[in-house]
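What follows is a single structure, written as structure tokens, with notes after it.
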Amino acid sequence: MGDIGNDGGRRWLFADQLGGHFLDAPGQPVLLVEATSVLRRRRFHRQKAHLVLSALRHRAAELGDQAIFAQVRTYREGLALAPGPLTVCRPTSHAAAAFVEGLPGVAVLPPRGFASTEEEFAAWAAGRGRRRLLMEDFYRDARRRLDVLMDGDEPAGGRWNFDRENRRPAPREAGLGLPPSWRPEEDEIDEGVRRDLDRWERAGEMTFAGRDAPRAHPATRDEAVAALRDFVRHRLPFFGPHQDAMLAADPVMAHSMLSPALNLGLLDPMECVRAAEAAHRDGRAPLASVEGYVRQLIGWRDYMWHLYWHFGPDYRRSNALGARTPLPRWFDDLDADAVEARCLSWALAQVRDQGFTHHIVRLMVLGNYALQRGFDPEALAGWFHRSFVDGYDWVMIPNVVGMSQHADGGRLATKPYAAGGAYIDRMSDFCGGCRYRPDRRTGDDACPFTAGYWAFVARNEELLLANPRTARAARGMRRLADIDEVRAREARRGDAPP
Ligand SMILES: Cc1cc2nc3c(=O)[nH]c(=O)nc-3n(C[C@H](O)[C@H](O)[C@H](O)COP(=O)(O)OP(=O)(O)OC[C@H]3O[C@@H](n4cnc5c(N)ncnc54)[C@H](O)[C@@H]3O)c2cc1C
Ligand code: SF4
């Protein structure tokens, strides 16, 4: 910890702390650092590098003389340009938090940008009789504490959970028919960012993954507010029912697309929650959809954030399933064209072209495939972090290592999110146009997800038998007469694209 109080000094804002709620007063002096060393260290998606630089430069332009804007190689060079005491809200990764804690003259304040504080999470986690840190329990505690969708002491509508209404299979239509989601217009700051990224890449100073495209997500507070309004008006009313579905011709469906703006700190989660709640109270959005959305924000998002700190820096190296397959080249390079499996090819193309997919694509297509093939969880978390425009360490580690890859042995999720082609067929319209058949696990048209699922169950039989939620699948696998053939075939596939 540094040696000054938190009542003065210039506020150092990291690139994911860009909203007004990271400052204490209008006019407060600011330090912003654009450190190119961050971009040199990893092969980020081109659109992610663009979005972060664009947001940082837009904030610097808005603040004008109020900010020192250091465009330098390293954070230390940036700090040297701002003599005098600094305050900083605790940054969002273990590495950055340790870095600022070790700097003299920098006072580290509690983090901001989440609905529940660390103390509130700790009080909940230490609650009497709490044996497991279940998301549903945390969410209900947050609903009560923050007074969200409550009628007195009871949940609005008499129920906490509308999952039954909100988990419908894919609709028959090709799309939900909603207006296109909000898009920004690029300006001269974006032009400058594009010029710099091109120049650095040409000079061999950094390389990028994915394709460049016009910026698709908010880079300023005004843009973020416009995107939030657009979501509440056009898509929130339809958010619930098909939340877990995937449609090839409609990658957005009714999702908010607001995670990039939230994770840059341009929106505060509670303002999104209150906007959604108001839409329900005014009769503009049904309760099931609003509850589904609010659950994502004060439930899942905050839960992941607090578990990231609660589990500590070594959690990222958890590997309970002994998964050690290096990421195949085609996967790492987002080479969608190398893949014939329609769902996976589509998902990789989304990442290549947008740096974004919605939740179920991440969990049940990309993550599911990696889980079945035993991709190294930490390497996979790094891939998600680099390839997604909303990817940051705090959110990737629990989502990938814990939720998606079950590498923590079940500390976060009660069972692995592994599923075969039947699940993808029910929840999407991919299988109809695929060269494989979701109901086949052997033969030339065997679905790689179905065969991969059974090979995964066979490989992890003991562990799955020991878990009441997965024991049935393991027993089912034992009854498959062709399981040896399935395993041999999947072993032959190796890391070739399916
Ligand atoms: C393997 C994997 C990787 C993921 N990586 C990221 C990531 O890098 N960054 C990220 O913000 N989210 C990540 N998520 C969570 C979730 O997929 C995205 O937040 C969501 O798809 C963003 O799209 P949206 O804004 O349209 O979300 P919506 O469907 O509109 O949901 C509303 C909001 O809820 C929040 N949210 C919902 N679920 C989660 C969750 N599990 N963790 C954190 N926030 C959540 C997001 O802020 C999101 O904007 C990941 C999930 C998985 C399974
Ligand atoms: S058949 Fe299998 S590989 Fe093809 S789209 Fe369906 S789940 Fe994916």
Side-chain angles (χ1 to χ4, degrees), residues 16 48 114 135 181 217 227-228 231 235-236 239-240 243-244 246 248 251-264 267 269 272-273 276 292-305 307-308 339-347 355-371 377 380-381 383-405 412-413 417 419-441 445-453 498:
D16 56 357
K48 178 173 192 179
F114 292 86
M135 199 305 278
S181 57
H217 300 280
L228 171 61
F231 163 66
R235 294 196 304 291
L236 175 66
F239 183 85
Q243 210 177 308
D244 283 3
M246 301 172 274
V252 174
M253 300 184 69
H255 291 279
S256 69
M257 309 287 285
L258 292 174
S259 54
L262 278 157
N263 295 353
L264 285 167
L267 289 173
C272 303
V273 166
Y293 178 62
V294 158
R295 161 184 296 272
Q296 306 304 313
L297 277 176
I298 61 172
W300 281 111
R301 184 173 189 270
D302 257 59
Y303 177 70
M304 292 303 193
W305 162 256
L307 288 184
Y308 175 78
V339 177
E340 288 183 283
R342 188 162 176 237
C343 55
L344 185 59
S345 174
W346 183 89
F356 196 89
T357 69
H358 71 70
H359 184 70
I360 291 300
V361 184
R362 298 183 200 203
L363 187 64
M364 301 313 290
V365 179
L366 297 165
N368 187 16
Y369 193 79
L371 176 67
L380 184 72
W383 178 84
F384 270 102
H385 180 165
R386 287 182 277 116
S387 311
F388 279 74
V389 289
D390 61 357
Y392 294 85
D393 201 57
W394 70 265
V395 67
M396 278 310 169
I397 295 298
N399 269 302
V400 178
V401 173
M403 187 179 206
S404 159
Q405 300 301 295
L412 191 153
Y417 281 92
Y423 173 88
I424 295 177
D425 193 26
R426 187 167 66 252
M427 301 309 291
S428 79
D429 60 0
F430 293 131
C431 299
C434 183
R435 91 160 206 62
Y436 301 113
R437 298 228 351 223
D439 55 351
R440 297 279 164 87
R441 58 177 177 267
D445 55 0
C447 165
F449 279 85
T450 303
Y453 171 75

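For ligands, and for the atoms within them, numbers begin at 1 and follow the listed sequence.
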Any N or O of His359 that comes nearer than 3.5 Å to an N or O of ligand 1? yes

For atom 39 (C) of ligand 1, what is the closest protein heavy atom, and at what distance to 0.1 Å? Trp300 CB, 3.8 Å

Looking only at N/O atoms, are His358 and ligand 1 under 3.5 Å apart anywhere? no

Who gets closest to atom 24 (P) of ligand 1 by heavy atom: Met304, Met257, Gln243, Arg295? Met257

Can you tell me if Tyr417 has a non-hydrogen atom under 4.0 Å from ligand 1? no

For Gly421, take its heavy atoms, then give the atoms of ligand 2 lying under 4.0 Å from any of them. 7 (S)

Atoms of ligand 1, numbered as shown, that sit under 4.0 Å from any heavy atom of Gly391: 8 (O)

Just heavy atoms, cut-off under 4.0 Å: does Tyr293 contact ligand 1 by side chain, backbone, both, or neither? side chain

Please state which option from His217, Gln296, His255 has its nearest heavy atom closest to atom 36 (N) of ligand 1. Gln296

What atoms of ligand 1 come within less than 4.0 Å of a heavy atom belonging to Asp390? 7 (C), 8 (O), 9 (N), 10 (C), 11 (O), 12 (N), 22 (C)

N/O/S atom of Cys431 under 2.8 Å from atom 2 (Fe) of ligand 2, yes or no? no

My understanding is that we take every heavy atom of each candidate and find the minimum distance to atom 7 (C) of ligand 1. Doing that for Met135, Met396, Arg235, which one comes out nearest? Met396

Donor-acceptor pair, distance only, cut-off 3.5 Å: does the side chain of Asp425 make one with the backbone of Gly421? no

Atom 1 (S) of ligand 2: which of Phe430, Tyr436, Trp346, Tyr423 has the nearest heavy atom? Tyr436

The closest protein heavy-atom partner of atom 46 (C) of ligand 1 is Ser259 CB, 4.1 Å

Please work out whether the ring planes of Tyr392 and His385 are parallel, tilted or perpendicular, with thresholds of 30° and 60°. tilted

Ranked by distance from atom 12 (N) of ligand 1, the top protein heavy atom is Val395 CG2, 3.6 Å

Check each of Arg301, His385, Arg362 against atom 44 (N) of ligand 1 and report the one with the nearest heavy atom. Arg301

Backbone, side chain, both or neither: what part of Pro448 comes under 4.0 angstrom of ligand 2, heavy atoms only? side chain

One finds that the ligand 2 atoms under 4.0 Å from a non-hydrogen atom of Cys434 are 1 (S), 3 (S), 4 (Fe), 5 (S)

When Trp394 is tested against each of Tyr308, Trp305, Tyr303 for ring-ring contact (aromatic ring centres under 6.0 Å, His included), which residue passes? Trp305

Would you call the rings of Phe239 and Tyr293 parallel, tilted or perpendicular, where under 30° means parallel and over 60° means perpendicular? perpendicular

For Leu262, counting its heavy atoms only, list the atoms of ligand 1 lying under 4.0 Å from any of them. 47 (O), 49 (O)

Output yes if Cys343 passes the N/O/S-under-2.8 Å test against atom 8 (Fe) of ligand 2; output no otherwise. yes

Judging by distance only, is a nitrogen or oxygen of Phe384 under 3.5 angstrom from one on ligand 1? no

Taking N or O atoms only and a 3.5 Å limit, does Asn263 qualify as a polar contact for ligand 1? yes

Atom indices of ligand 1 within 4.0 angstrom of Phe356 heavy atoms, with elements: 22 (C), 23 (O)

With respect to Asn399, determine whether any N or O atom, backbone or side chain, lies less than 3.5 Å from an N or O atom of ligand 1. yes

